[in-house]
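Along the sequence shown, residues carry numbers from 1.
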Amino acid sequence: MTHAIRIHETGGPEKLVWEAVSLPAPKAGEALVRHKAVGLNFIDVYFRTGLYKAPSLPAIIGMEGAGVVEAVGEGVTEVAVGDRVAYATAPIGAYAEARCIKADRLVKMPDGISFEQAAGMMLQGMTAAFLIKKCYPVQAGQTVLVHAAAGGVGLIMCQWLKHLGATVIGVVSTEEKAALARAHGAAHALLTKDDVPARVKEITGGAMLPVVFDSVGRDSFNVSLDCLAPFGMMVSYGNASGPVAIPDLGILAAKGSLFVTRPTLATYTAKREDLIGRAHDLFEVVGSGAVKIRVNQTFALKDAADAHRALEARQTTGSTVLLP
């Protein structure tokens with residue numbers, strides 16, 4: 001037996017229940033990982049509320065963790081007992097003291113990365129990696145906009161984009177978060193209450209932007225489109241304010257033959273070589289010091305409901321980690 005946070009029905013944070021659960025031996029191709037830290041992400045909220053459907057109920061949510069391999073199933077070659085490993089992948093099940101997971105979804109952690117760092121950066125950091133390296137490869141000299149720039153993904157993107165030589169316009173909800181975004185590489189920090197497209201026009205001298213990275217969703221979708229130059233790319237990768245309804249595609253023509261994509265980390269890391277590649281990109285940029293991972297909040301895993309309340313109230317900055 002082990003302990004985990006489970007939901008028996010979807011709803012608010014109160015639906016997160018700490019309880020004893022069985023822990024089976026790893027099957028062929030699986031590894032048993034004893035978690036040392038678990039990451040908190042908005043996708044966890046989506047599963048808790050039912051916006052994203054769990055395969056069945058009750059369910060253990062969570063998609064990111066770091067720990068030590070305690071056992072491996074038949075045929076496993078990717079990891080061995082005693083390895084320090086991390087992951088950021090489906091299926092859900094990370095909100096547990098230990099779990100079995102497919103070994104080919106695990107990556108070995110460099111010695112210089114702590115468990116707390118890994119749990120605070122794998123999902124957010126590899127999301128940033130695929131967004132700016134593969135989904136829309138940002139080039140030096142470009143000016144780009146990042147919504148929720150003081151969040152976990154946002155702070156990583158601000159640093160990484162600056163490292164790549166891009167100029168970052170961050171959008172945040174408060175002056176305190178604006179200062180945080182600027183401290184992490186944003187050249188400009190705008191507030192959600194501002195006329196963001198007008199400020200972008202001013203900053204770019206009327207040129208507008210080649211790309212906007214938007215994790216907010218419904219509340220910012222049209223604002224993001226209005227910030228783009230002709231042929232610009234709107235990268236919608238989250239739903240913090242609610243899901244985006246598919247618009248009349250004619251709006252993309254009217255606003256300058258725009259492109260919209262709704263990418264996922266799962267698709268961009270479905271092949272193991274891509275998973276290892278994005279993890280390498282992340283470990284390299286963190287190891288060099290160009291990107292610093294800020295674990296600004298920690299909660300006991302059993303107190304995951306409190307962590308969800310803080311996340312949904314926008315009371316967190318950087319990364320948040322749950323400790324078993």
S.K.: Please determine whether side chain to side chain contact (heavy atoms under 4.5 Å, CB included) holds for the pair Gln142 and Tyr136, giving the CA-CA distance in whole Å, both sets of side-chain angles, and the decisive distance to 0.1 Å.
M.R.: CA-CA 12 Å; Gln142 290 184 313; Tyr136 185 95; 3.3 Å; yes
S.K.: Search all heavy atoms of Ala307 against all heavy atoms of Leu322 and return the closest pair with its distance.
M.R.: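 For Ala307 versus Leu322, the nearest heavy atoms are CB-CD2, 3.7 Å.
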S.K.: Is any side-chain heavy atom of Val107 closer than 4.5 Å to one of Met122?
M.R.: yes
S.K.: Any side-chain heavy-atom pair from His308 and Val45 closer than 4.5 angstrom?
M.R.: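 Contact flag for His308/Val45 side chains = yes.
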S.K.: Would you mind telling me which of Met234, Met208, Met233 makes a side-chain contact (heavy atoms from CB on, under 4.5 Å) with Leu228?
M.R.: Met234
S.K.: May I ask whether Ile92 and Tyr46 are part of the same hydrophobic cluster, defined by side-chain heavy atoms of I, L, V, M, F, W, Y residues being less than 4.5 angstrom apart, directly or through others?
M.R.: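 Linked within one cluster.
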S.K.: Where the side chain of Glu97 meets the backbone of His3, is there a donor-acceptor pair that is under 3.5 Å apart?
M.R.: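 Between the backbone of His3 and the side chain of Glu97 there is a qualifying donor-acceptor contact (under 3.5 Å).
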S.K.: With a 4.0 Å cut-off, would you call Arg309 and Asp306 a salt bridge?
M.R.: yes
S.K.: Drop me the distance from Phe130's CZ to Thr264's OG1, to the nearest 0.5 angstrom.
M.R.: 6.5 Å
S.K.: Check whether any side-chain heavy atom of Met157 sits under 4.5 Å from a side-chain heavy atom of Phe213, and report yes or no.
M.R.: yes
S.K.: May I ask you to decide if Ala198's main-chain N or O and Glu202's side chain share a donor-acceptor pair within less than 3.5 Å?
M.R.: no
S.K.: With a 4.5 Å cut-off on side-chain heavy atoms, are Val285 and His163 touching?
M.R.: yes
S.K.: Do other residues, nucleotides or ligands put more than 12 heavy atoms under 6.0 Å from the CD atom of Glu273?
M.R.: yes
S.K.: Could you tell me the separation between the CD1 atom of Ile61 and the OH atom of Tyr52, rounded to the nearest 0.5 Å?
M.R.: 13.5 Å
S.K.: Main chain of Ile5, side chain of Lys302: is a donor-acceptor contact present, judged purely on distance under 3.5 Å?
M.R.: no
S.K.: Main chain of Gly50, side chain of Lys53: is a donor-acceptor contact present, judged purely on distance under 3.5 Å?
M.R.: yes
S.K.: For the backbone of Gly250 and the side chain of Asp248, can you confirm whether one donor and one acceptor N or O come within less than 3.5 Å of each other?
M.R.: yes
S.K.: In the single-linkage hydrophobic clustering (I, L, V, M, F, W, Y; side-chain heavy atoms under 4.5 Å), do Val212 and Val172 co-cluster?
M.R.: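 Shared cluster, no.
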S.K.: Measure the CZ-CG distance between Arg294 and Leu180 for me, rounded to the nearest 0.5 Å.
M.R.: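 Rounded to the nearest 0.5 Å, the CZ-CG separation comes out at 8.5 Å.
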S.K.: As a quick check of understanding, evaluate side chain to side chain contact (heavy atoms under 4.5 Å, CB included) for Leu145 and Val200, giving each step before the final call.
M.R.: CA-CA 9 Å; Leu145 188 143; Val200 167; 3.7 Å; yes
S.K.: Taking the side chain as everything from C-beta on, heavy atoms only, tell me whether Val291 gets closer than 4.5 Å to Ile293.
M.R.: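 SC-SC contact between Val291 and Ile293 confirmed.
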S.K.: Please determine whether a side-chain nitrogen of the Lys or Arg among Lys102 and Glu30 lies less than 4.0 Å from a carboxylate oxygen of the Asp or Glu.
M.R.: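 No, Lys102 and Glu30 are not salt-bridged.
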S.K.: What distance separates Phe283 CZ from Lys108 NZ, expressed to the nearest 0.5 Å?
M.R.: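 Result: 12.0 Å between the selected atoms.
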S.K.: Without hydrogens or angle criteria, can the side chains of Ser319 and Gln124 be said to hold a donor-acceptor pair below 3.5 Å?
M.R.: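 Present: a donor and an acceptor within the cut-off.
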S.K.: Does the side chain of Gln297 come under 3.5 Å of the side chain of Thr316 through a donor N or O and an acceptor N or O?
M.R.: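 No.
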S.K.: So, Glu74 side chain and Lys27 main chain: donor-acceptor pair closer than 3.5 Å or not?
M.R.: no
S.K.: Taking all heavy atoms of Pro263 and all of Val235, pick out the closest pair and write down the distance.
M.R.: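 Looks like CG-CG1, 3.9 Å.
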S.K.: If you compare all heavy atoms of Ala96 against all heavy atoms of Val38, which two are closest, and at what distance to 0.1 Å?
M.R.: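 Heavy atoms of Ala96 and Val38 come nearest at O-CG2, 4.3 Å.
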S.K.: Working to the nearest 0.5 angstrom, can you tell me the gap between Met109 CE and Phe115 CZ?
M.R.: 5.0 Å
S.K.: For Arg314, does the CZ atom have more than 12 heavy-atom neighbours from other residues, nucleotides or ligands under 6.0 Å away?
M.R.: no
S.K.: Do His35 and Arg99 pair up side chain to side chain, a donor and an acceptor below 3.5 Å, judged on atom types alone?
M.R.: no
S.K.: Would the distance check show the side chain of Arg84 and the main-chain N or O of Ile113 forming a donor-acceptor pair, the cut-off being under 3.5 Å?
M.R.: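 Yes; judged by distance alone, with no hydrogens or angles, the pair exists.
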S.K.: So how far is it from Lys177 NZ to Thr192 OG1, rounded to the nearest 0.5 Å?
M.R.: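 Answer rounded to 0.5 Å: 9.5 Å.
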S.K.: Would you name the heavy atoms of Cys100 and Pro24 that are closest together and state the gap between them?
M.R.: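 Reported closest heavy-atom pair: SG-O, 3.3 Å.
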S.K.: Is it the case that one hydrophobic cluster holds both Ile60 and Val17, taking links as side-chain heavy atoms less than 4.5 Å apart, direct or via other members?
M.R.: no
S.K.: Take Thr269 and Arg105, measure what side chain to side chain contact (heavy atoms under 4.5 Å, CB included) needs, and give me the verdict at the end.
M.R.: CA-CA 9 Å; Thr269 57; Arg105 295 289 88 193; 4.3 Å; yes
S.K.: Taking the side chain as every heavy atom from C-beta outward, state whether Leu301 and Leu323 have any pair of such atoms under 4.5 Å apart.
M.R.: no
S.K.: Any cation-pi pair here, Arg278 with Tyr268, using under 6.0 Å and within 45°?
M.R.: no
S.K.: Same cluster or not: Ile169 versus Leu225, using hydrophobic residues (I, L, V, M, F, W, Y) connected whenever any side-chain heavy atoms lie under 4.5 Å apart?
M.R.: yes
S.K.: Just checking, is any N or O donor in the side chain of Tyr95 or Glu64 under 3.5 Å from an acceptor N or O on the other one?
M.R.: no
S.K.: For a 4.5 angstrom cut-off between non-hydrogen side-chain atoms, does Val260 reach Leu252?
M.R.: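 They are in contact (side-chain heavy atoms under 4.5 Å apart), so the answer is yes.
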S.K.: Looking only at heavy atoms, what is the nearest atom pair of Val79 and Ala31, with distance?
M.R.: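 Minimum heavy-atom contact is CG2-CB, 4.1 Å.
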S.K.: Could you check Leu265, Ile101, Asp104, Leu123 and say which one makes a side-chain contact (heavy atoms from CB on, under 4.5 Å) with Thr89?
M.R.: Ile101
S.K.: Do Val171 and Val196 have side chains that get closer than 4.5 Å, going by heavy atoms?
M.R.: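 Yes - at least one pair of side-chain heavy atoms lies under 4.5 Å apart.
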S.K.: Using the rule that two of Ile, Leu, Val, Met, Phe, Trp, Tyr join whenever any of their side-chain heavy atoms come within less than 4.5 Å, decide whether Leu275 and Val286 are in one cluster.
M.R.: yes
S.K.: Please check: side-chain N/O of Gln139 versus main-chain N/O of Pro137, any donor-acceptor pairing under 3.5 Å?
M.R.: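 Checking the backbone N and O of Pro137 against the side chain of Gln139, a donor-acceptor pair under 3.5 Å is found.
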S.K.: Can you confirm whether the side chains of Ser236 and Asp214 place a donor and an acceptor under 3.5 Å from each other?
M.R.: no
S.K.: Can you find a side-chain donor-acceptor pair between Glu19 and His8 that sits under 3.5 Å?
M.R.: yes
S.K.: Any donor-acceptor pair under 3.5 Å linking the side chain of Ser114 with the backbone of Gln117?
M.R.: yes
S.K.: Output, in order, the C-alpha distance, side-chain angles, deciding distance and verdict of side chain to side chain contact (heavy atoms under 4.5 Å, CB included) for Arg48 and Asp44.
M.R.: CA-CA 6 Å; Arg48 191 205 74 219; Asp44 305 341; over 6 Å; no
